[in-house]
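Order of the sequence lines sets the chain letters (A, B, ...), proteins ahead of strands, with each chain counted from 1.
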Protein chains: 2
Amino acid sequence: MIVNGATTSGELRAHNRVRLLRAVHDCGATRTRSQLTRELKLARGTASVLVAGLAEDALLHEEPAPGPARGRPTQVPGPHPRGPVALAADIREDAWELAACELGGRVTVLGVRPHDGTPQDALGPLGEAVAGHARRLGPRLIGVGVALAGPIRHGGLVDIGHLGWRSVDVPALLGLADAEPPLAVGNDTALAALAEARRGRLRGVRVGVHLHVDFDLGGVLVLDGRAVPGASGTGAEFGHMPLGGSTRRCPCGAAGCWAMDVGANALLRHVGLAYGGGRGRAQAERVLATSEEAVTANATALGRGIAALVNAHDPEVVILSGHGVELRERAAGALMAACGPGLMAIRRDHPPRIEASALGWRGSLLGAMESVFDAFLTTEGLELWRKNHPDQARDTPDRQSVMHSTLAGESAP
Amino acid sequence: MIVNGATTSGELRAHNRVRLLRAVHDCGATRTRSQLTRELKLARGTASVLVAGLAEDALLHEEPAPGPARGRPTQVPGPHPRGPVALAADIREDAWELAACELGGRVTVLGVRPHDGTPQDALGPLGEAVAGHARRLGPRLIGVGVALAGPIRHGGLVDIGHLGWRSVDVPALLGLADAEPPLAVGNDTALAALAEARRGRLRGVRVGVHLHVDFDLGGVLVLDGRAVPGASGTGAEFGHMPLGGSTRRCPCGAAGCWAMDVGANALLRHVGLAYGGGRGRAQAERVLATSEEAVTANATALGRGIAALVNAHDPEVVILSGHGVELRERAAGALMAACGPGLMAIRRDHPPRIEASALGWRGSLLGAMESVFDAFLTTEGLELWRKNHPDQARDTPDRQSVMHSTLAGESAP
DNA sequence: GGCTTTTGTTCACGGCAAGAGCATAAGCTG
DNA sequence: CAGCTTATGCTCTTGCCGTGAACAAAAGCC
C-alpha cells in the first residue's frame, strides 16, 4: 500500500491514523491491538493515543480479544457502531446487486434486482434504492461505488458495446450527479482486480494480471495492490488487443479483439445462438456445461492471449474470475497447450501461476467497496469525516441508549 | 514521485532531506533555494537547516543565483564538488558507451568502444574501464547502472535472442559481481522510458507507453514516473505480443511477435539482407533512408500495435525512441492509417499523442543514471552515504586546497 | 495466594517543523 | 548617492509528535 508521506509533525499524526485504520480494514478487523502495534512499529504509548483518538471520532471501537492468552488481555479494534459505511453496487448485463460495507470489510447485501438492459431500467431503480439508504445512513455514508461492465470515461460516461450503451451518463441516471455522497464509478474488471489484490489471490503480489470473463472479456494489470486505471479511467481493456487469433469485427469498433473469442458471447456464437444482448446467461451456462467444443475454443483463445500478456508484463500470477474459473477447470489442457508455445523461452522455466479468483462473482462488488474505502482512508478523507462529526458524543460505547442505524435497516431482502 | 512516508519524527528529517535532494536533481540544479522552499512547502527556517546539513555532508553546494533580482539574492543548490557520482553504461548490439553523472544530471562521457557482439568482448573491457573509474572516484561513486537490449532476469542474467546471448551473467563478466559498488543492470527500453519520464516527454505523465525501436522492438508502460518492471525484472517486452500481424517464428521462442515486424532486423529482412546478428546498423540506416516500401511496412506494423496498446492501457501519450523517431517522421501517414482503425471507437475522440522521444538514442544511458540515483535518493541511500563520509571536512567550499577528482579524470576521450 | 507474563497508561524527553522577528543584500527612486 | 522597498536567509521560541521507561492492570501458571 502506498501512502503519501508526511512532511510536518502535524501530518505525522494524520498519517499514522490512516496507517492504523488501513491495517484494521485490510486484516478484516481480526488483529489485536498489540499485534497492530508491532506490525506498524509503533510504541505502545503512541498506539494508545491513536486508538483513543480514533474511538473518540467514532472510527474505531475496541472489543475484548477472544481466547485465552498469557499476559494482560488485549483488545481487537473493529468498526464503530456509528462508524463509516460504504455503499456499493455491481451492475451486470441483466441485474444489479446493492450492498453496504463497514470498516473491516463486513458486507451486508441490501438488494438484488434484474433489469432489461436499458440504461433507464438498470440505473433508475438503483438510484432510488441508493438514495433511500443514504437518507437512512446520514453522515455515516462515506461514498458510493458502482461497478459496470464497460469502459468508463472521465466523470462517468459509460459505453457497453454489446448492450448498446453509448456515452450513458451513469451519475445523472442514478440521480447522484451532485458531490454528496461521493460517487465512484469503475470498470468491473478493474474493481474485481482491486478486490483480489486486497482480499483475494493478488494479496501481496507486486505484479499480477487479472482477467474477468463475463459476456465480454476484461483484463488489467495489478501493481502493488492497485489496478492500473489508464489516463482517462478506461484502462482494464486487455480484451481489446488482438491476442486470440480472431479477425472478426468487434462492437467496440476495432477488429480481431481477444474479447471476441472468450466469454459468454463467444460461447453462444460458437453454437450458433443469438448473442450480444447480455440476455443469455442461462444459455451460456448450458453451453459451458455441455459443449466441449465451444469450451475448448474459448480456453484455447484464452491461453494464447495469456501467453502474450505474460511475455509483455512478466507477472507473478494470472488470476481468472467469472467464467474464467470454469474454463480453467473444464479445459485446463487446452488452455495450457495454447499458452505454452506462446511464451518466450525465458518465461518457460518459471511460468506464472494461473489461478482461479478467490472471490468469484463477488469480486466487482467487493472492489467497488474497496474503492470507496481507498478514497476514505486518506488524510483528506479522515479530515472530512472529522469535520462532519463535530464533537462526537465522547461515548464509551456501552452507553447504547442512542439508537444507531443498522446496516441493513428495514429494507434487507 | 512516490516516496515512502515517514512515521516517526526522526524519519521526518530524513524524508525531507530526500525530498529536497530529489527536487534539486529532477530540475537539473536550476531552481533557487527560495523556489525550492516554496515548491516543497517548507518554512524558510526549515530549508536553512536542511541545506546546511546537506552541504555539510558534501551532498549539496550552493552558488549565487545568476541574473538580477529584486530582494536579497538567493542561492542555487547544486552538486557538491566532492558529491555523489553515478557511472552508467549503455551496451548496444555493436558498441558500448560509458559516462558519469553527478547530482542534477550533468553527464560526462568517459568512453565509447565498439565490440564484436560476444559477451566477452562486450563486457570485459567495459568492466575494466568501470573498475578504473571506480578506483579514481573512491567513495564518491554511488553505483553503476548498465542498460542492455534484452530481458534481464533476477540478478543480471541476460538473454538477447538475435545476438545469441543465453543466460549471460553480466555482473560476473563485468567483474563487478560483489556488492561494492552497487551494480544495477536494466533493460534498455525500460531505462529509456525512465529517462523520458524524468527528463523527457513523459515528465508529469501519469500513464504513458514508451516504445524503443533498435534492432529489436521494446515497449513498456510508464506509470507516475516509473517504468513497470515485471515481477522478475523482465517486463518491458511489449514487442513479444502478437500485435503486428506476423506469424513468423521469433528467436525469443514464441511466434508472431510484434518485434518481428518493426526494427532494424525487420528492415533488413524486408529487403532480403542478412540480419539477426546486430551487425547491420549502417545497412539498416540505408534501408531506412532509401526503401519506401520497407519503411511503410514497418510503420504499418508499428501503428497497428500502438492501437492495441492504446486500447488496453489508455495512455495519455505514446513515445517513440530509436528508429521509431525516423519511422514516425518518414511514414506518419502509414503509421496513423494503421493505428486509427485498430482503436476502439471511444478512443477516437481523444486519441493519445504519438510523439518522438526528447532524448533520442541517449535515453537508455540517461535512464541507467537515473536508476542509480533512484536507489541513492532514498532514506537508506543517504544514510549509507553519511556512514561512508564520517565527519566531513565541514568545508566552506572556497577552501579548494583539497584537490578533488574531476568526473572525466585523465581517461576522457 | 503469589509469581510470571503481557499489555495498557502515563509522563518526561528529545527531535522536528512552523512561524515570527530580525538581519541582510540586493534593486529602485529621486 | 542615500534612503526606501522587497525578497530572502538566519535565529529563536513554540507547539506537536513519537519514544521509551516506569508503573499499573489483568490474565495464566505453579
Consider the side chain of [X], meaning its heavy atoms from C-beta on, and name the nucleotide among [options] that approaches it most closely.
{"X": "Ala43(B)", "options": "dG19(C), dG9(D), dT10(C)", "value": "dG19(C)"}
{"X": "Leu12(B)", "options": "dT9(C), dT19(D), dA17(C)", "value": "dA17(C)"}
{"X": "Arg44(B)", "options": "dG28(D), dA23(C), dG21(C)", "value": "dG21(C)"}
{"X": "Arg70(A)", "options": "dC10(D), dT6(C), dG8(C)", "value": "dT6(C)"}
{"X": "Ser48(A)", "options": "dT7(C), dT9(C), dT19(D)", "value": "dT9(C)"}
{"X": "Thr8(B)", "options": "dG18(D), dT8(D), dC16(C)", "value": "dG18(D)"}

Checklist entry - What nucleic acid atoms does Ala47(B) come within less than 4.0 Å of, heavy atoms only: base, sugar-phosphate, or nothing? => result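 Nothing: the residue Ala47(B), judged by heavy atoms under 4.0 Å, touches no strand.
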
Item to check | Any donor-acceptor pair under 3.5 Å from Glu370(A) side chain to Ala195(A) backbone | outcome: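 A pair under 3.5 Å: no.
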
Checklist entry - Can you tell me if His61(A) uses its side chain to pair, donor with acceptor, with the backbone of Pro81(A) under 3.5 Å? => result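 Here the side-chain-to-backbone pair does not exist.
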
Next on the checklist: Does Arg362(A), at its CZ atom, have more than 12 non-hydrogen atoms belonging to other residues, nucleotides or ligands within less than 6.0 Å?
Outcome noted: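 Not buried by this count: 12 neighbours or fewer within 6.0 Å.
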
Item to check | Exercise: identify the closest heavy-atom pair between Arg206(B) and Ala231(A) | outcome: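 Answer, listing the atom of Arg206(B) first, then Ala231(A): NH1-O, 3.9 Å.
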
Checklist entry - In terms of the nearest nucleotide of DNA chain D, which residue is placed more toward the 5' end: Val49(B) or Pro73(A)? => result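 Nearest nucleotide further toward 5': that of Val49(B).
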
Checklist entry - Taking for each residue the nucleotide of DNA chain D bearing the nearest heavy atom, is the 5' side occupied by Thr46(A) or by Ala69(A)? => result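 The residue mapped nearer the 5' terminus is Thr46(A).
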
Checklist entry - Does the distance from a Lys or Arg side-chain N to an Asp or Glu carboxylate O, for Arg22(A) and Asp374(A), drop under 4.0 Å? => result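 Yes, Arg22(A) and Asp374(A) are salt-bridged.
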
Checklist entry - Under 30°, 30 to 60°, or over 60°: which ring-plane class applies to Phe373(A) and Phe376(A), parallel, tilted or perpendicular? => result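 The rings of Phe373(A) and Phe376(A) stand perpendicular, inter-plane angle above 60°.
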
Checklist entry - Could you go step by step and tell me if Ser48(A) and Arg33(A) meet the side-chain hydrogen bond (donor to acceptor under 3.5 Å, both in side chains) rule? => result CA-CA 9 Å; Ser48(A) 266; Arg33(A) 175 153 143 198; 3.0 Å; yes

Protein-nucleotide distance ([X], atom [atom1]; [N], atom [atom2]), rounded to Å:
{"X": "Arg33(A)", "N": "dT6(C)", "atom1": "CZ", "atom2": "C1'", "result": "13 Å"}
{"X": "His15(B)", "N": "dC16(C)", "atom1": "NE2", "atom2": "P", "result": "15 Å"}
{"X": "Leu50(B)", "N": "dA18(C)", "atom1": "CG", "atom2": "P", "result": "9 Å"}
{"X": "Leu20(B)", "N": "dA17(C)", "atom1": "CG", "atom2": "P", "result": "11 Å"}
{"X": "Glu11(B)", "N": "dC16(C)", "atom1": "CD", "atom2": "C1'", "result": "13 Å"}
{"X": "Arg31(B)", "N": "dT8(D)", "atom1": "CZ", "atom2": "C1'", "result": "18 Å"}

Any side-chain N or O of [X] less than 4.0 Å from the OP1 or OP2 oxygen of [N]?
{"X": "Arg72(B)", "N": "dT5(D)", "result": "no"}
{"X": "Asn16(A)", "N": "dC17(D)", "result": "no"}
{"X": "Ser34(B)", "N": "dT8(D)", "result": "yes"}

Checklist entry - Step by step, would you call His25(A) with Leu377(A) a side chain to side chain contact (heavy atoms under 4.5 Å, CB included)? => result CA-CA 9 Å; His25(A) 182 66; Leu377(A) 294 177; 4.0 Å; yes

Next on the checklist: Assuming nearest nucleotide by heavy-atom distance, tell me which of Lys41(B) and Pro68(B) is located more 5' along DNA chain C.
Outcome noted: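 Closest to the 5' end, via its nearest nucleotide, is Lys41(B).
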
Item to check | Residue whose nearest DNA chain C nucleotide is more 5′ - Thr7(A) or Gln75(A) | outcome: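 It is Gln75(A), whose closest nucleotide lies nearer the 5' terminus.
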
Taking only nitrogen or oxygen atoms into account, show me every contact under 3.5 Å that the protein makes with nucleotides 11-15 of chain C, one pair per line with its distance.
none

